[in-house]
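Worksheet: one structure, shown below.
Residue numbering restarts at 1 for every chain, and letters A, B, ... go by the order of the sequence lines.
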Amino acid sequence: MQKLDGEHKPSACEGTDWFRRIAVWSAKLSDAQCLRVRAGLQIRTYERGATVCEQNEAFDYWIGVVEGLVKVGTVTPEGKEITFAGAHAGGWFGEGTLLKRERRRYTVTALRKTKLALLDKKTFFWLYENSVDFNHFLIAQINERLGQFIGLIENERKLDTTTRVARALSSLLNPVLYPDVGSRLAITQEELGLLAGVSRPVANQALGELERCGLLRVTYGEIAICDAGRLRAYGE
DNA sequence: ACATTAAATTCGA
DNA sequence: TCGAATTTAATGT
């Protein structure tokens with residue numbers, strides 16, 4: 001429990017380090033703006049399997065993933081679960097719901113123990129009104145997401161499981177949505193299965209296939225990406 | 001669903 | 001505090 005390394009823990013109210021690390025969009029904010037944003041932020045921890053917010057719930061925060069992994073999706077009236085996206089460290093989402101001033105359209109659940117940063121609505125809109133850079137960030141992000149959703153539609157059509165797994169991985173590698181992502185993903189095959197909408201064994205097979213193609217390498221609890229470009233294009 | 005292996009945790013000195 | 005023993009988690013088939 002006390003095996004703290006050389007990393008400095010976030011000092012209670014000094015330094016914008018920890019905050020800037022979890023939120024790239026803060027890079028261009030002034031110190032004064034940063035202070036204000038931090039005042040509107042809270043950190044919350046969720047256990048594996050915990051629901052962050054339900055569909056139709058009023059949940060007035062913009063959500064950032066500090067660490068861990070969450071799944072954004074819905075469940076059809078027939079009870080079938082559909083995953084729209086996964087989000088891991090560095091990702092921010094929920095702006096669509098805030099901007100349209102409506103209730104959550106999706107259910108968000110933690111796939112493992114996860115720490116989230118929640119920015120309250122008031123501060124979010126203050127940024128929206130006052131920072132051009134913040135707006136640029138939002139537009140870039142929404143644009144990236146649009147691309148992902150278009151891919152999702154294709155995905156539902158073709159049932160090629162390996163392709164679905166490749167897409168799920170690629171979406172997590174998106175450098176715009178997840179700025180601090182490297183070439184290794186700390187994700188288990190079960191979690192990946194949940195994101196791709198396939199069973200764990202199928203995810204395992206798909207990973208084997210992708211590894212055989214030289215696109216990635218699988219190790220315990222982690223996937224090393226060798227060729228992100230070809231992975232994204234897999235199945236085309 | 002089952003067997004195997006990796007990692008995390010517990011426990012005794 | 002160390003490492004062996006046990007339990008839990010992830011993988012491969």
- Taking only residues two or more places apart in sequence, or in another chain, which ones meet A/Asp180 in a salt bridge (Lys or Arg N to Asp or Glu O under 4.0 Å)? none
- Once base and sugar-phosphate atoms are separated, protein heavy atoms under 4.0 Å mark nucleotides 4-11 of chain C, 5' to 3', with B, S and - as -----BSB
- Task: Evaluate the side chain to side chain contact (heavy atoms under 4.5 Å, CB included) criterion for residues A/Leu169 and A/Leu215: first the C-alpha distance (whole Å), next the side-chain angles of each, then the deciding distance (0.1 Å), finally the verdict.
- Result: CA-CA 11 Å; A/Leu169 279 174; A/Leu215 304 183; over 6 Å; no
- Query: Quick one: ring-ring contact (aromatic ring centres under 6.0 Å, His included) pairs with a partner in residues 160-191 of chain A, sequence neighbours left out?
  - Reply: A/His88-A/Tyr178
- Might you work through the salt bridge (Lys or Arg N to Asp or Glu O under 4.0 Å) test for A/Glu236 and A/Arg167, ending with a clear yes or no? CA-CA 11 Å; A/Glu236 285 177 357; A/Arg167 294 287 163 86; 3.7 Å; yes
- Message: Checking ring-ring contact (aromatic ring centres under 6.0 Å, His included) between A/Phe134 and each of A/Phe124, A/Trp126, A/Tyr128, which is the one that passes?
- Response: A/Phe124
